[in-house]
Participant: 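One structure coming up, written as structure tokens, with questions to follow.
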Amino acid sequence: MPEVRVRFAPSPTGYLHVGGARTALFNYLFAKKNKGKFILRVEDTDLERSTEESLRMQVEDLKWLGLFWHEGVDSETLESFGEYGPYRQSERLDIYKEHALRLISSGQAYYCFLTDDDIEEQRKTMEKGQHITSPFREMDPKEALKRVDNGDAAVIRFKTSKQVKTYAMTDLVRGHVSFQSDLVGDFVILRSNGMPVYNFCCAIDDALMKITHVLRAEEHLNNSLRQLMVYEAFDYTPPQFGHMSLILGSDKQKLSKRHGATSCHEYKVNGYLPEALVNFIALLGWSGSADQEIFEVEEIAENFHVEKLTPSAAVFDETKLKWMNSVYIKKADTEVFWKGVLPHIKEAGIVIPEDDHWRFMVQKVFKPRMETFKDAVELMRPLSDVEFIYDEKALEALGWDSSKTVIDKWAELVSSHADGYISEEQFDELQNEVKTQCGVKGKNLFMPLRVAIIGQAHGADLKLIVPLMSKELLLKRAGWALGKA
RNA sequence: GUUCCUGUCGUCUAGAGGCCUAGGACAUCGCCCUUUCACGGCGAAGACACGGGUUCGACUCCCGUCGGGAAUGCCA
């Protein structure tokens with residue numbers, strides 16, 4: 001059994017898309033499960049769209065997700081490392097050119113001098129399903145080379161078989177799939193600017209990098225035909241292909257920008273834990289067991305079988321992702337929690353104590369109420385010395401007949417309390433004091449108190465919140481509430 | 001147009017011919033817990049796209065229709 005070698009081959013044109021992330025994840029899992037190698041190859045042959053910044057962003061996103069690779073580009077320097085490099089296609093141009101020329105000399109490819117205008121002209125009279133026919137297909141290669149040397153712009157086209165042939169493969173997730181060769185015409189393998197075209201360099205790289213399994217998105221299924229042709233032309237053995245289902249938006253169209261957040265980076269910035277995103281994405285097209293949904297990456301890898309991948313497309317349900325993120329936030333320890341929360345409350349301009357014990361208590365109180373780390377902002381705002389506005393329900397509670405007396409008494413008791421924080425037990429005592437002295441109980445007691453303390457009619461248990469607020473702040477709050485009561 | 005892939009609750013899915021009175025999860029609704037709101041617990045509602053076969057028996061296999069996606073590019 002040869003070593004399992006899989007790859008993720010993104011083109012660096014923006015942040016890592018969640019669809020790409022899933023492709024990367026499944027390849028990563030497959031390698032892990034089979035003790036193989038996971039390779040990161042960069043498909044930057046589209047000069048117009050590929051950028052260095054994009055590459056860096058994608059590498060960052062992969063690292064954030066915890067998907068590390070054995071060969072590819074270095075996550076810091078972005079330089080190739082590994083024995084089958086280089087791993088950036090823009091650095092492999094000589095290899096593609098050499099391969100293309102090899103096909104020309106074996107009569108399996110040819111120079112084509114058709115201009116865009118020529119092709120446009122041909123298209124006008126073409127029936128649907130017909131392909132471009134190049135008059136240069138049978139041109140004498142020496143003649144053609146002369147023109148090329150003269151500086152004439154030329155692409156190199158793959159010479160497809162005249163007789164219709166059937167190309168078949170066993171897809172790891174779809175089973176037996178076959179294509180008729182006349183589905184494609186003589187396709188371009190090398191552009192006039194010398195850059196190779198996807199289906200050509202992809203096949204060559206997979207062969208040269210000894211890739212054994214190609215797990216990629218379903219949109220590439222039809223590309224397999226051309227790649228199979230390339231493998232055949234060089235007498236290379238094709239890898240095992242597995243085409244995974246597409247990820248769709250809520251309207252069942254391919255997930256795109258208009259569906260909202262589609263890049264991993266956005267989820268990172270919006271307060272999601274990478275473990276949650278990974279877990280959620282893994283469940284799109286894979287299920288490890290009938291009654292478990294929360295999985296550590298290790299568990300997913302152990303249970304990962306390509307045969308278990310579903311062939312049908314999946315809708316990306318953000319609501320469920322949010323739920324899953326809330327599960328992971330509840331599981332997070334204090335350190336992870338604050339690492340996730342701090343950037344958001346900082347951005348919102350909220351200042352909080354440095355105290356370790358305080359932070360430990362706060363995360364305990366708010367964890368069960370959060371879906372994303374961003375939620376911490378509104379949750380913690382009442383804990384800091386910032387102005388806030390009362391909502392309708394809060395104002396209503398302040399308007400009750402007894403509210404003013406209750407808050408008055410509360411403020412009086414707090415101000416006569418010893419300096420420092422009020423404990424849970426002390427708060428209970430204070431509340432009881434207000435109750436007996438004002439003769440108010442139930443809703444009429446605790447609602448005005450709640451509003452006087454956090455400015456909202458709803459929220460965490462007061463006896464958990466009060467110990468997190470300074471006496472000074474409590475008094476200031478009570479003062480504001482009194483102004484509205 | 002042609003070719004290829006695909007079709008189980010609103011969504012993600014379990015289901016490899018009898019285990020299915022189709023299971024779980026998210027969302028929804030109800031109840032419980034709770035001096036509020038969450039969390040949590042319990043429960044309800046909710047699906048095999050349709051039509052033909054094959055079979056003693058079909059969600060499962062085959063064919064067709066319909067729906068969705070992809071390819072037919074000097075994008076990947």
Participant: If you check the Tyr198(A) side chain, which of rA76(B), rC4(B), rA27(B) turns out closest?
Facilitator: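 Closest nucleotide to the Tyr198(A) side chain: rA76(B).
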Participant: Between Ser245(A) and Glu218(A), who's closer to the 5' end of RNA chain B by nearest nucleotide?
Facilitator: Glu218(A)
Participant: Over all strands shown, is Ala457(A) touching base, sugar-phosphate only, or nothing at heavy-atom distances under 4.0 angstrom?
Facilitator: base
Participant: Taking rU34(B) as the reference, what is the distance to rC19(B) when you measure between their P atoms (whole Å, please)?
Facilitator: 44 Å
Participant: Given that both distances must come in under 3.5 Å, which nucleotide forms a Watson-Crick or G-U wobble pair with rU65(B)?
Facilitator: rA49(B)
Participant: Identify which nucleotide among rC5(B), rA76(B), rU6(B) has an atom closest to any side-chain atom of Asn199(A), counting heavy atoms from C-beta outward.
Facilitator: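 Of all the options, the side chain of Asn199(A) is nearest to rA76(B).
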Participant: Could you give the CH2-to-C1' distance, from Trp323(A) to rC39(B), as a whole number of Å?
Facilitator: 14 Å
Participant: Counting side-chain heavy atoms from CB outward, which of rA25(B), rG40(B), rU3(B) is closest to Lys330(A)?
Facilitator: rG40(B)
Participant: Within the structure shown, what part of the strands sits under 4.0 Å from Gly185(A) by heavy-atom distance: base, sugar-phosphate, or nothing?
Facilitator: nothing
Participant: Between rC4(B) atom P and His176(A) atom NE2, what is the distance in whole Å?
Facilitator: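 My rounded result for the distance is 11 Å.
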Participant: Just to be sure I understand the rule, does Ile156(A) reach a base, reach only the sugar-phosphate, or reach nothing, if contact means heavy atoms closer than 4.0 Å?
Facilitator: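 The residue Ile156(A) makes no contact with any strand.
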Participant: Given the P atoms of rU6(B) and rU60(B), what is the spacing between them in whole Å?
Facilitator: 15 Å
Participant: Base, sugar-phosphate alone, or nothing: which one does Asn223(A) contact when heavy atoms must sit under 4.0 Å apart?
Facilitator: base
Participant: Only pairs with both distances under 3.5 Å count, Watson-Crick or wobble alike; so what is the partner of rG30(B) in this structure?
Facilitator: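 Because both required distances fall under 3.5 Å, rG30(B) counts as paired with rC42(B).
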Participant: Look at all strands and tell whether His131(A) reaches a base, only sugar-phosphate, or nothing, counting heavy atoms closer than 4.0 Å.
Facilitator: sugar-phosphate
Participant: Does a donor on one side chain and an acceptor on the other come within less than 3.5 Å for Asp118(A) and Thr115(A)?
Facilitator: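 Yes, because at least one side-chain N or O of Asp118(A) sits under 3.5 Å from a partner of the opposite role on Thr115(A).
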Participant: Rounded to the Å, how far apart are Trp400(A) CH2 and rU36(B) P?
Facilitator: 12 Å
Participant: Does rG24(B) have OP1 or OP2 under 4.0 Å away from a side-chain N or O of Gln292(A)?
Facilitator: no
Participant: Without decimals, in angstroms, what is the distance between Met447(A) CE and rU34(B) C1'?
Facilitator: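 Interatomic distance, CE of Met447(A) to C1' of rU34(B): 14 Å.
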Participant: In whole angstrom, what separates Asp44(A)'s CG from rA76(B)'s P?
Facilitator: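 Asp44(A) atom CG is separated from rA76(B) atom P by 10 Å.
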Participant: Are any of Arg226(A)'s side-chain N or O atoms less than 4.0 Å away from OP1 or OP2 of rU72(B)?
Facilitator: yes
Participant: Establish whether the base of rA70(B) is bridged to the side chain of Lys254(A) by a donor-acceptor pair shorter than 3.5 Å.
Facilitator: no
Participant: Which part of the nucleic acid, if any, lies within contact of Glu219(A), taking any heavy atom under 4.0 Å across all strands shown: a base, the sugar-phosphate backbone alone, or nothing?
Facilitator: sugar-phosphate
Participant: Which one, rA76(B), rU36(B), rG7(B), comes nearest to the side chain of Pro311(A)?
Facilitator: rG7(B)
Participant: Please check the phosphate of rC12(B) (OP1 and OP2 only) for any side-chain N or O of Ser287(A) closer than 4.0 Å.
Facilitator: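 Looking at the OP1 and OP2 atoms of rC12(B), neither is under 4.0 Å from any side-chain N or O of Ser287(A).
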Participant: For the base of rC74(B), is there a side-chain donor-acceptor partner from Ser192(A) under 3.5 Å away?
Facilitator: yes
Participant: Quick one: label Ala460(A) by what it contacts on the DNA or RNA (base, sugar-phosphate, nothing), any heavy atom closer than 4.0 Å.
Facilitator: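 Result for Ala460(A) = base.
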Participant: Answer with base, sugar-phosphate or nothing: what part of the nucleic acid does Arg174(A) contact at a heavy-atom distance below 4.0 Å?
Facilitator: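 Result for Arg174(A) = sugar-phosphate.
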Participant: Once the angle between the rings of Tyr267(A) and Phe316(A) is folded into 0 to 90°, is it parallel (under 30°), tilted (30 to 60°) or perpendicular (over 60°)?
Facilitator: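 Aromatic pair Tyr267(A)/Phe316(A) classed tilted.
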Participant: Can you tell me how far the OG1 atom of Thr51(A) sits from the CZ atom of Arg56(A), to the nearest 0.5 Å?
Facilitator: 11.0 Å
Participant: Does the side chain of Asn279(A) come under 3.5 Å of the side chain of Tyr328(A) through a donor N or O and an acceptor N or O?
Facilitator: yes
Participant: Which part of the nucleic acid, if any, lies within contact of Ser289(A), taking any heavy atom under 4.0 Å across all strands shown: a base, the sugar-phosphate backbone alone, or nothing?
Facilitator: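 Ser289(A): no heavy atom of the nucleic acid under 4.0 Å.
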Participant: Does the plane of the ring in Phe187(A) sit parallel, tilted or perpendicular to the ring in Phe158(A)? Use 30° and 60° as the thresholds.
Facilitator: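 Plane angle under 30°, so parallel.
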Participant: Under a 3.5 Å cut-off for both contacts, is rU3(B) paired Watson-Crick or G-U wobble with anything, and if yes, with which nucleotide?
Facilitator: rA70(B)
Participant: Nearest of rC74(B), rG69(B), rA14(B) to any side-chain atom of Val155(A)?
Facilitator: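 Selected nucleotide (nearest to the side chain): rC74(B).
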Participant: Under 4.0 Å: is that the gap between some side-chain N or O of Arg123(A) and OP1 or OP2 of rG73(B)?
Facilitator: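 Yes, because at least one side-chain N or O of Arg123(A) sits under 4.0 Å from OP1 or OP2 of rG73(B).
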Participant: Using atom C1' in both nucleotides, what's the gap between rC4(B) and rU8(B) to the nearest angstrom?
Facilitator: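 The same atom, C1', in both gives a distance of 24 Å.
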Participant: Could you tell me how far rU13(B) sits from rU54(B) if I compare only their P atoms? Round to whole Å.
Facilitator: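 Pairwise P distance, rU54(B) against rU13(B), rounds to 34 Å.
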Participant: Without decimals, in angstroms, what is the distance between Gln122(A) CD and rC74(B) C1'?
Facilitator: 15 Å
Participant: Taking atom C1' in both rC31(B) and rA70(B), what distance in whole Å separates the two?
Facilitator: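 Result for the C1' pair: 48 Å, nearest Å.
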Participant: Mind checking the C1' distance from rG40(B) to rA76(B)? Whole angstroms is fine.
Facilitator: 47 Å
Participant: Relative to the ring of Tyr15(A), is the ring of His265(A) parallel (under 30°), tilted (30 to 60°) or perpendicular (over 60°)?
Facilitator: parallel
Participant: Under 4.0 angstrom, heavy atoms only, what part of the nucleic acid is Ser178(A) near: base, sugar-phosphate, or nothing?
Facilitator: sugar-phosphate
Participant: Between rA76(B), rC74(B), rA14(B), which nucleotide gets closest to the side-chain atoms of Lys308(A)?
Facilitator: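 Closest nucleotide among those given: rA14(B).
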Participant: Are any non-hydrogen side-chain atoms of Lys254(A) and Glu219(A) less than 4.5 angstrom apart?
Facilitator: yes
Participant: Which heavy-atom pair separates Asn27(A) from His213(A) by the least distance, and what is that distance?
Facilitator: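 In terms of heavy atoms, the two residues are closest at OD1-O, 4.5 Å.
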Participant: Judged by atom type as modelled, is there a donor-acceptor pair below 3.5 Å linking the side chain of Asp61(A) to the main-chain atoms of Cys264(A)?
Facilitator: no
Participant: Expressed as a whole number of angstroms, how long is the span from Asp118(A):CG to rG73(B):P?
Facilitator: 16 Å
Participant: Mind checking if Glu43(A) touches a base, just sugar-phosphate, or nothing, with heavy atoms under 4.0 Å?
Facilitator: sugar-phosphate
Participant: How far does the C1' atom of rA58(B) sit from the matching atom of rG51(B), given to the nearest Å?
Facilitator: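 Here rA58(B) and rG51(B) have their C1' atoms 15 Å from each other.
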Participant: Could you give the distance separating rC5(B) and rC62(B) at their P atoms, to the nearest angstrom?
Facilitator: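 So the two P atoms sit 12 Å from each other.
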Participant: Determine the contact category for Gln89(A): base if any of its heavy atoms lies under 4.0 Å from a base atom, sugar-phosphate if only primed atoms, P, OP1 or OP2 are that close, otherwise nothing.
Facilitator: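 It contacts nothing in the nucleic acid.
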Participant: Under 4.0 Å, heavy atoms only, any strand: does Asp182(A) hit a base, just the sugar-phosphate, or nothing?
Facilitator: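 Here Asp182(A) touches no strand at all.
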Participant: Rounding to a whole Å, what distance do you find between His458(A):NE2 and rC39(B):P?
Facilitator: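 Whole-Å distance recorded here is 14 Å.
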Participant: State which of rA76(B), rC12(B), rU3(B) makes the closest approach to the side chain of Leu284(A).
Facilitator: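 Nucleotide nearest to Leu284(A)'s side chain: rC12(B).
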Participant: What's the closest nucleotide to the Gln253(A) side chain, out of rU6(B), rA76(B), rG68(B)?
Facilitator: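 Within the option list, the nearest is rG68(B).
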Participant: Indicate whether OP1 or OP2 belonging to rA76(B) is found under 4.0 Å from a side-chain N or O atom of Arg191(A).
Facilitator: yes
Participant: Looking only at side-chain atoms of Asn222(A), point me to the closest of rA76(B), rC4(B), rU11(B).
Facilitator: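 Selected nucleotide (nearest to the side chain): rC4(B).
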Participant: Just so I know, are the side chains of Leu277(A) and Leu65(A) near enough to count as touching, which here means a heavy-atom distance under 4.5 Å?
Facilitator: yes
Participant: With respect to the phosphate group of rA76(B), does any side-chain polar atom (N or O) of Thr45(A) fall under 4.0 Å of OP1 or OP2?
Facilitator: yes
Participant: So which nucleotide from rC74(B), rU3(B), rC26(B) ends up closest to the side chain of Asp116(A)?
Facilitator: rC74(B)
